[in-house]
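All values below were derived from every heavy atom in this structure, side-chain atoms included, with hydrogens, water molecules and symmetry-related copies excluded.
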Amino acid sequence: MEDVGVGASKYSERQSLGTSAQTQRESKDYDEPQPAPLFEPEELRSWSFWRAGIAEFMATFLFLYVTILTVMGVKRSPTMCDSVGIQGIAWSFGGMIFALVYCTAGISGGHINPAVTFGLFLARKLSLTRTVYYMICQCLGAIFGAGVVKGMQKGMYEVEGGGANVVAHGYTKGEGLGAEIMGTFVLVYTVCSATDAKRNARDSHIPVLAPLPIGFAVFLVHLATIPITGTGINPARSLGVAIIYDRSHAWDDQWIFWVGPFIGAALASLYHMLIIRAIPFKSRS
């Protein structure tokens with residue numbers, strides 16, 4: 001598909017080491033596109049390239065609108081029992097990712113997150129041109145999404161913290177960074193596994209949509225890390241809210257919500273390529 005032509009391994013599936021099953025020549029029942037070039041100027045002349053960015057913008061806009069509105073609803077309630085609580089916030093983030101990835105996967109790949117885009121870039125599934133373009137669109141979408149929420153309820157938005165990501169009291173910056181690294185690792189590892197061409201061919205008899213495990217991973221990570229950092233794992237989400245909320249404490253820890261997710265994404269991408277797919281150990285056909 002022109003819109004999301006992403007590649008992985010250009011090597012055959014014959015392993016040079018491992019079990020006897022791995023060493024035997026496998027007949028591939030799936031096709032993997034070639035690794036994306038670093039620069040692809042032709043993309044800039046394609047409408048599919050530009051509409052993919054628009055899809056990323058709109059998806060991130062809707063993601064921030066619904067999720068931050070949910071956070072504000074929980075914050076304004078007298079007690080957690082009077083609202084959907086932390087579990088509801090986690091479901092909001094995970095559910096929106098499930099829905100939006102399903103809607104946009106055929107257009108842009110449904111990243112909705114610069115960390116995911118970065119991880120797929122390292123996996124040679126995106127060109128640098130598309131990677132930068134996606135990240136810009138995602139950040140702009142997040143800013144507009146948070147801006148609409150603030151416009152709807154400015155007073156409460158400013159009083160209740162605007163859904164900004166900060167390291168909670170009782171945790172160190174190092175612990176917050178670690179939570180963001182591990183949370184993003186879970187997300188990007190799930191993305192790489194759910195969209196793997198070999199897995200999709202092998203498990204074709206199992207009717208599981210890729211957006212489902214991705215959304216569920218987001219849900220679980222939020223349950224684990226909301227008490228620590230409010231759960232970033234998405235630099236666009238953290239940046240958009242920080243810009244619209246615009247308070248000093250929202251910027252104090254902002255670096256954590258960029259460095260952590262990018263490290264986690266890089267580790268997950270490398271783990272999937274080097275260990276799970278063992279790409280460097282596959283011989284050429």
The reported gap from CH2 in W50 to SG in C137 (rounded to nearest 0.5 angstrom) is 8.5 Å
Checking S269 side chain against G119 main chain: does a donor-acceptor pair fall under 3.5 Å? yes
Residues pairing under salt bridge (charged side-chain N to carboxylate O under 4.0 Å, His left out) where one sits in residues 166-178, two or more places apart or in two chains, turn out to be K173-D253
Sorted by chain and residue number, the side chain to side chain donor-acceptor pair (under 3.5 Å) partners of E56 (sequence neighbours excluded) come out as S108, Q138
**Message:** Just so I know, are the side chains of T195 and K125 near enough to count as touching, which here means a heavy-atom distance under 4.5 Å?
**Reply:** yes
With sequence neighbours left out, the residues meeting side chain to side chain donor-acceptor pair (under 3.5 Å) with T190 are none
Mind listing the side-chain donor-acceptor pairs of residues 84-95 below 3.5 Å, one per line with the distance, residues two or more places apart or on another chain?
residue: S92; atom: OG; partner: T70; partner atom: OG1; Å: 3.1

task = Dump the intermediate steps for side chain to side chain contact (heavy atoms under 4.5 Å, CB included) on L220 and V186, then the final yes or no.
result = CA-CA 9 Å; L220 293 174; V186 172; over 6 Å; no
* To do: Inspect the surroundings of OH in Y65 and state if more than 12 heavy atoms from other residues, nucleotides or ligands are less than 6.0 Å away.
  => no
When every non-hydrogen atom of Y189 is compared with those of I276, the smallest separation belongs to OH-CD1, 3.6 Å
For K75, the salt bridge (Lys or Arg N to Asp or Glu O under 4.0 Å) test, sequence neighbours excluded, returns none
In short, ring-ring contact (aromatic ring centres under 6.0 Å, His included) pairs touching residues 136-176 with sequence neighbours left out are F57-F144
- request: Would you check, one step at a time, whether the test side chain to side chain contact (heavy atoms under 4.5 Å, CB included) holds for T184 with F262?
  value: CA-CA 8 Å; T184 312; F262 274 79; over 6 Å; no
Side chain to side chain donor-acceptor pair (under 3.5 Å) pairs touching residues 222-240, sequence neighbours excluded, are N165-R237, N165-S238, E180-T229, T225-T231
By salt bridge (Lys or Arg N to Asp or Glu O under 4.0 Å), R247 pairs with (sequence neighbours left out) E158
Interatomic distance, OG@S127 vs OH@Y133, rounded to 0.5 Å, equals 12.0 Å
query = Are H111 and L126 close enough that some pair of their side-chain heavy atoms sits under 4.5 Å apart?
reply = yes
Nearest heavy-atom contact between I233 and G183 is CG2-C, 3.8 Å
*Taking C-beta and beyond as the side chain, do M273 and R124 meet within less than 4.5 Å on heavy atoms?*
no
Across all chains, not counting sequence neighbours, the salt bridge (Lys or Arg N to Asp or Glu O under 4.0 Å) partners of E40 are none
Distance col, row L120:CG vs T131:OG1, nearest 0.5 angstrom, shows 8.5 Å
A52 and I107 have their tightest heavy-atom pair at CB-O, 3.7 Å
Taken in chain and number order and not counting sequence neighbours, the residues that satisfy side chain to side chain donor-acceptor pair (under 3.5 Å) with Q254 are W258
* Asked: Do D252 and V166 have side chains that get closer than 4.5 Å, going by heavy atoms?
  -> no
So ring-ring contact (aromatic ring centres under 6.0 Å, His included) across residues 227-249, not counting sequence neighbours, yields Y245-H249
Any chain of hydrophobic side-chain contacts (each under 4.5 Å) joining L128 to V116? yes
Side chain to side chain contact (heavy atoms under 4.5 Å, CB included), that's the test. Do I181 and L267 meet it? Break it down for me. CA-CA 9 Å; I181 291 173; L267 292 175; 4.2 Å; yes
Those residues at least two apart in sequence (or on a different chain) that pass salt bridge (Lys or Arg N to Asp or Glu O under 4.0 Å) with E43 are R130
One should read off an interatomic distance between T104 OG1 and R51 CZ, to the nearest 0.5 angstrom, of 11.5 Å
Nearest heavy-atom approach of I243 to W251 is CG1-CH2, 3.6 Å
Check your understanding: Does M152 belong to the same Ile/Leu/Val/Met/Phe/Trp/Tyr cluster as F61, with side-chain heavy atoms less than 4.5 Å apart forming each link?
Key -> yes
- prompt: Is there side-chain contact between L187 and I214, with heavy atoms separated by less than 4.5 Å?
  reply: yes
Between P235 and N113, the two heavy atoms sitting closest are CD-OD1, 3.4 Å
- prompt: Going through the checks in order, is the side chain to side chain contact (heavy atoms under 4.5 Å, CB included) test met by F98 and F219?
  reply: CA-CA 10 Å; F98 169 68; F219 164 70; over 6 Å; no
ILVMFWY cluster, Y271 and M182 together (side-chain gap under 4.5 Å)
no
Minimal heavy-atom distance between A266 and F118, with the atoms involved, is CB-CE2, 4.0 Å
Rounding to 0.5 Å, atoms CD1 (I68) and CD1 (I244) come to a distance of 11.0 Å
Rounded to the nearest 0.5 Å, the OG1 atom of T117 sits from the CG atom of L122 at a distance of 11.0 Å
Other residues, nucleotides, ligands: >12 heavy atoms within 6.0 Å of M72 CE: yes
